[in-house]
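Everything on this sheet refers to the single structure shown next.
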Amino acid sequence: MQQVRVRFAPSPTGPLHIGGVRTALYNYLFAKKNKGIFILRIEDTDQTRFVEGAEEYIMESLKWCGMKIDEGIIEGGNYGPYRQSDKKLQYRQYADMLMNNGDAYYAFDTPGKLEELRISAEREGNAFIYNASIRDNMRNSLSMPESKWKELLEKEEPYVIRYKMPLNEDVHCDDMIRGHIVVNTSTLDDKVLIKADGMPTYHLAHLVDDHLMKISHVIRGEEWLPSLPLHFLLYRSFGWEKPLFAHLPLLLKPDGKGKLSKRDGDKMGFPVFPLFWPYGETAKGYREEGYYPEAFVNMLALLGWNPGTEQEIFTMDELINAFSIERVHKSGSRFDPEKAKWFNHHYLQLRSNNELALEFRDYLRAQGYHHDIGDLEAIISLVKERVSFVKDIWRETDFFFKSPDVYDKEVIKKRWKPETPAQLLELKAFLDERDTFTPQITEQAVKGWIEKKEYNTGDVMNAFRLVIVGASRGPHLFDIISFIGKEETLMRIEKGIAVIGNKVQ
RNA sequence: GGUCCAUUCGUCUAGUGGCUAGGACGUCAGGUUUUCAUCCUGGUAACAGGGGUUCGAUUCCCCUAUGGACUACCA
């Protein structure tokens with residue numbers, strides 16, 4: 001069987017969108033599943049849209065996700081160069097092959113003239129299509145006598161090379177996901193193959209490269225489906241064997257309609273890019289927002305594909321094993337940020353307390369707190385299952401590090417009785433006399449004390465929690481006071497009574 | 001406008017010519033937790049509409065509607 005070789009071929013025009021990451025992922029999964037080769041090719045034939053840093057961003061994104069590139073601009077390989085601009089004008093000879101067999105021609109129409117015709121056609125409700133219906137009226141090597149266009153060539157008049165679309169022919173295409181598609185050439189136009197600057201367009205460049213790189217399967221976004229007939233025709237004109245094609249459905253915005261965009265992410269508070277993009281108009285990234293790559297990849301893989309079982313949690317190896325292109329969906333999927341969080345919650349639970357403590361320590365340092373790893377592990381073990389992100393740990397544990405600044409008004413209203421200050425003062429004295437402060441022993445003692453005093457357990461405990469935590473939240477209270485220690489506990493009781501005590505009634 | 005593609009709970013989806021149309025996220029309720037959260041249990045909720053074909057269609061065909069992509073010397 002033929003070696004499976006697939007490529008991910010982005011343009012370095014900015015940060016890589018998660019839709020692009022998913023395309024890369026499906027290529028990667030397909031390659032690895034079939035013991036094939038995963039290639040990264042940079043498609044930068046449009047020099048005006050090149051963005052500094054984009055190539056590095058793309059490669060770092062793939063690396064973060066755990067996709068290893070087999071052949072690429074850094075990795076090398078036997079089918080380079082892997083950056084189209086490094087081939088510069090080599091594509092021209094392939095256009096000339098088409099010129100020689102009559103499937104392409106020179107066109108000298110200026111962009112301004114074409115634009116003018118396009119606008120006037122639109123005004124009459126028609127589409128402007130540069131094809132057999134109109135090309136005899138245009139300035140090209142088909143409509144002009146040979147002596148005339150050769151003269152223009154000699155005078156170095158700017159020109160493009162266009163593909164000569166056959167007249168009224170049904171083109172039959174096959175797609176591994178969509179099945180059979182038939183399009184008549186009368187609706188297609190004579191696409192530009194070589195631009196006036198001598199560079200190839202996508203249609204020529206990707207096809208030549210796919211052929212030269214021995215690509216076996218082209219797995220790309222649905223936006224390419226309309227030009228699939230053109231690509232089929234080009235393969236025929238070249239006399240080359242075609243790869244197999246698979247067009248992936250789009251990633252849609254969570255609400256409403258349409259393609260997922262950066263604006264949606266900004267508006268609804270979730271990233272649309274894998275990594276933070278630092279240039280120009282910056283963009284948030286999953287990595288920096290605290291997502292784990294396993295969660296991100298797992299979530300992305302299931303957006304538009306599933307194995308047909310009820311399994312939802314997959315490691316990369318499990319994804320590779322389960323993946324099949326036939327089970328990729330036809331219709332677009334809406335992106336659900338809530339489910340992305342759920343995946344991260346799951347993967348965070350798999351982390352050890354020590355791993356999380358290390359991550360959390362970095363976060364704390366940024367806040368100006370410095371703590372022993374052992375202490376952080378202890379705290380994290382108490383709140384781990386309630387957080388989805390490392391940054392959430394702070395929100396759940398701030399009271400371990402500092403006494404409360406404010407006290408929840410609702411809790412005061414509900415639990416702060418006239419007798420509360422006196423009771424807490426008694427509790428403070430009771431605690432003051434205790435030597436051990438371990439959670440279990442202290443809990444037993446305090447509960448015994450409340451019972452003996454015949455106080456209302458709920459009132460006392462909640463008021464106690466209020467002065468320690470500042471609100472009605474957090475892990476077991478006795479775990480908290482054990483961690484902060486006796487001195488701090490007594491201090492917080494005193495402070496709480498002082499601040500809240502005179503606010504009531 | 002034209003061409004092409006798509007359509008199962010709010011979302012991601014499973015599934016079949018005859019099933020109580022399944023799971024997950026969300027949401028709601030109950031339980032656990034003396035708090036909050038987690039967790040557990042349960043509930044809610046879908047075959048876009050209309051025609052066919054058929055003994056029978058969510059499933060096959062057609063039409064409509066809706067959504068999307070493309071329609072550049074961008075990819």
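Throughout, a chain's letter reflects where its sequence line sits, starting with A, and its residues are numbered from 1. These figures come from a predicted structure and were not determined experimentally.
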Q: Give, ordered by number, those residues of residues 42-52 of chain A having at least one heavy-atom distance below 4.0 Å to an atom of RNA chain B; if nothing qualifies, reply none.
A: Glu43(A), Thr45(A), Asp46(A), Arg49(A)
(Q) Less than 4.0 angstrom from a charged side-chain N to a carboxylate O is my criterion; do Arg41(A) and Glu43(A) meet it? (A) yes
Q. Using the C1' atom in both, what is the distance from C70(B) to C28(B), to the nearest Å?
A. 43 Å
Q | Distance, P atom - from G17(B) to U33(B), rounded to whole angstrom | A | 49 Å
Q. Taking NZ, NE, NH1 and NH2 as the nitrogens, is one of them in Glu443(A) or Lys447(A) under 4.0 Å from a carboxylate oxygen of the other?
A. yes
Q.
Categorize Lys447(A) for me: base, sugar-phosphate, or nothing, with a 4.0 angstrom heavy-atom threshold over every strand shown.
A. base
Q: Ignoring backbone atoms, establish whether His247(A) has a side-chain N or O less than 4.0 Å from OP1 or OP2 of C5(B).
A: no
Q | Ring center gap for Phe343(A) and Tyr292(A) short of 6.0 angstrom | A | no
Q) In whole Å, what separates the P atom of C25(B) from that of C39(B)? A) 9 Å
Q) Looking only at side-chain N and O atoms, does Asn126(A) come under 4.0 Å of OP1 or OP2 in G1(B)? A) no
Q. So, does the side chain of Lys339(A) form a donor-acceptor pair with the base of A24(B) at under 3.5 Å?
A. yes
Q: Searching all strands shown, indicate the nucleotide that pairs with C70(B) (Watson-Crick or G-U wobble; both distances under 3.5 Å).
A: G2(B)
Q. Between Asp109(A) and Tyr130(A), does any side-chain donor sit less than 3.5 Å from a side-chain acceptor?
A. yes
**Q.** Distance, rounded to the nearest Å, where His346(A) contributes NE2 and U38(B) contributes C1'
**A.** 15 Å
Q: Name the nucleic acid region contacted by His203(A), choosing base, sugar-phosphate or nothing; use a 4.0 angstrom heavy-atom cut-off, strictly under.
A: nothing
(Q) Centroid separation under 6.0 Å, is that true for the rings of Trp394(A) and Phe360(A)? (A) no
Q. Heavy atoms under 4.0 Å, any strand shown: does Gly221(A) hit a base, just sugar-phosphate, or nothing?
A. nothing
Q: Map Pro158(A) and Gly308(A) onto RNA chain B by nearest heavy atom, then report which one ends up closer to the 5' terminus.
A: Gly308(A)
Q: Side chain of Ser11(A) only, please: which of U38(B), A75(B), G10(B) is the nearest?
A: A75(B)
Q) Taking atom P of G67(B) as reference, at what distance in whole Å does atom CG of Leu251(A) sit? A) 20 Å
Q: Round to the nearest Å and state the distance from Asp479(A) atom CG to U33(B) atom C1'.
A: 13 Å
Q) With both distances under 3.5 Å as the test, what is the Watson-Crick or G-U wobble partner of A48(B)? A) U64(B)
Q) In whole Å, what is the span from the CZ atom of Arg118(A) to the C1' atom of C73(B)? A) 10 Å
Q: Between A65(B) and G49(B), how far apart are the C1' atoms? Round to whole Å, please.
A: 7 Å
Q: List the steps and the verdict of side chain to side chain contact (heavy atoms under 4.5 Å, CB included) for Phe50(A) and Asp46(A).
A: CA-CA 7 Å; Phe50(A) 179 80; Asp46(A) 186 355; over 6 Å; no
Q) What integer distance in Å separates Glu122(A):CD from G1(B):P? A) 12 Å
Q. Taking the same atom, P, in G15(B) and in U54(B), what whole-Å distance lies between them?
A. 29 Å
Q.
side chain to side chain contact (heavy atoms under 4.5 Å, CB included) for Phe273(A) and Ile18(A)? Distances and angles first, verdict last.
A. CA-CA 5 Å; Phe273(A) 301 101; Ile18(A) 57 174; 5.7 Å; no
Q. With distance as the sole criterion, do the side chain of Arg465(A) and the base of C36(B) form a donor-acceptor contact below 3.5 Å?
A. no
Q) With a non-hydrogen cut-off below 4.0 angstrom, is Asp109(A) in contact with a base, only sugar-phosphate, or nothing? A) base
Q. How about Phe389(A) and Tyr291(A): are their ring centres within less than 6.0 Å of each other?
A. yes
Q) Between U8(B) and A48(B), how far is it from one C1' atom to the other, in whole Å? A) 10 Å
Q. Between Lys195(A) and C74(B), is there a side-chain N or O to OP1/OP2 distance below 4.0 Å?
A. yes
Q) According to the Watson-Crick and G-U wobble definitions, with both distances under 3.5 Å, which nucleotide is paired to C9(B)? A) none
Q) Considering only side-chain heavy atoms of Arg386(A), which listed nucleotide, A69(B), U38(B), A6(B), is closest? A) U38(B)
Q) Does Lys414(A) NZ have over 12 foreign heavy atoms under 6.0 Å away? A) no
**Q.** Strand partner of A29(B), provided both Watson-Crick or wobble distances fall under 3.5 Å
**A.** U41(B)
(Q) Students often get this wrong, so: under 4.0 angstrom with heavy atoms, is Arg220(A) touching a base, only sugar-phosphate, or nothing? (A) nothing
(Q) Of the options C12(B), C36(B), U3(B), whose atoms approach the side-chain atoms of Arg473(A) most closely? (A) C36(B)
Q. Would a 4.5 Å heavy-atom cut-off, applied to side chains only, mark Ile380(A) and Arg351(A) as touching?
A. no
Q) Is the closest side-chain heavy-atom distance between Tyr105(A) and Arg135(A) below 4.5 Å? A) yes
Q. Are any of the side-chain heavy atoms of Leu225(A) and Arg178(A) separated by less than 4.5 Å?
A. yes
Q) Do the non-hydrogen side-chain atoms of Leu303(A) and Phe335(A) ever get within less than 4.5 Å of each other? A) yes
Q.
Please list, in numerical order, the residues of residues 453-461 of chain A that have a heavy atom closer than 4.0 Å to any atom of RNA chain B.
A. Thr457(A), Gly458(A), Met461(A)
Q | Whole-Å gap separating P (U3(B)) and CZ (Phe128(A)) | A | 18 Å
(Q) What's the closest nucleotide to the side chain of Glu222(A) if the choices are C4(B), G68(B), U7(B)? (A) G68(B)
Q: Could you check which nucleotide pairs with A14(B) in any of the strands shown, counting Watson-Crick or G-U wobble with both distances under 3.5 Å?
A: none
Q. How close or far is atom C1' of U11(B) from atom NZ of Lys253(A), stated in whole angstroms?
A. 16 Å
Q) Arg162(A) near the nucleic acid: base, sugar-phosphate alone, or nothing, with a heavy-atom cut-off under 4.0 Å? A) sugar-phosphate
Q: Rounded to the nearest angstrom, tell me the gap between atom CG in Leu302(A) and atom P in G23(B).
A: 17 Å
Q: Name the nucleic acid region contacted by Pro475(A), choosing base, sugar-phosphate or nothing; use a 4.0 angstrom heavy-atom cut-off, strictly under.
A: base
**Q.** First encountered from the 5' end of RNA chain B, between His345(A) and Trp305(A)
**A.** Trp305(A)
(Q) So that I know where these two stand, are Tyr279(A) and Tyr57(A) an aromatic pair - ring centroids less than 6.0 Å apart? (A) no
Q) Can you tell me how far P in G56(B) sits from the matching atom in U44(B), rounded to whole Å? A) 32 Å
Q: Scan Val192(A) against the nucleic acid and name what it touches under 4.0 Å (heavy atoms): base, sugar-phosphate only, or nothing.
A: sugar-phosphate
Q) The side chain of Glu338(A) lies closest to which of these nucleotides: C12(B), C4(B), G26(B)? A) G26(B)
Q. Distance between the P atoms of A14(B) and U7(B), in whole angstroms?
A. 10 Å
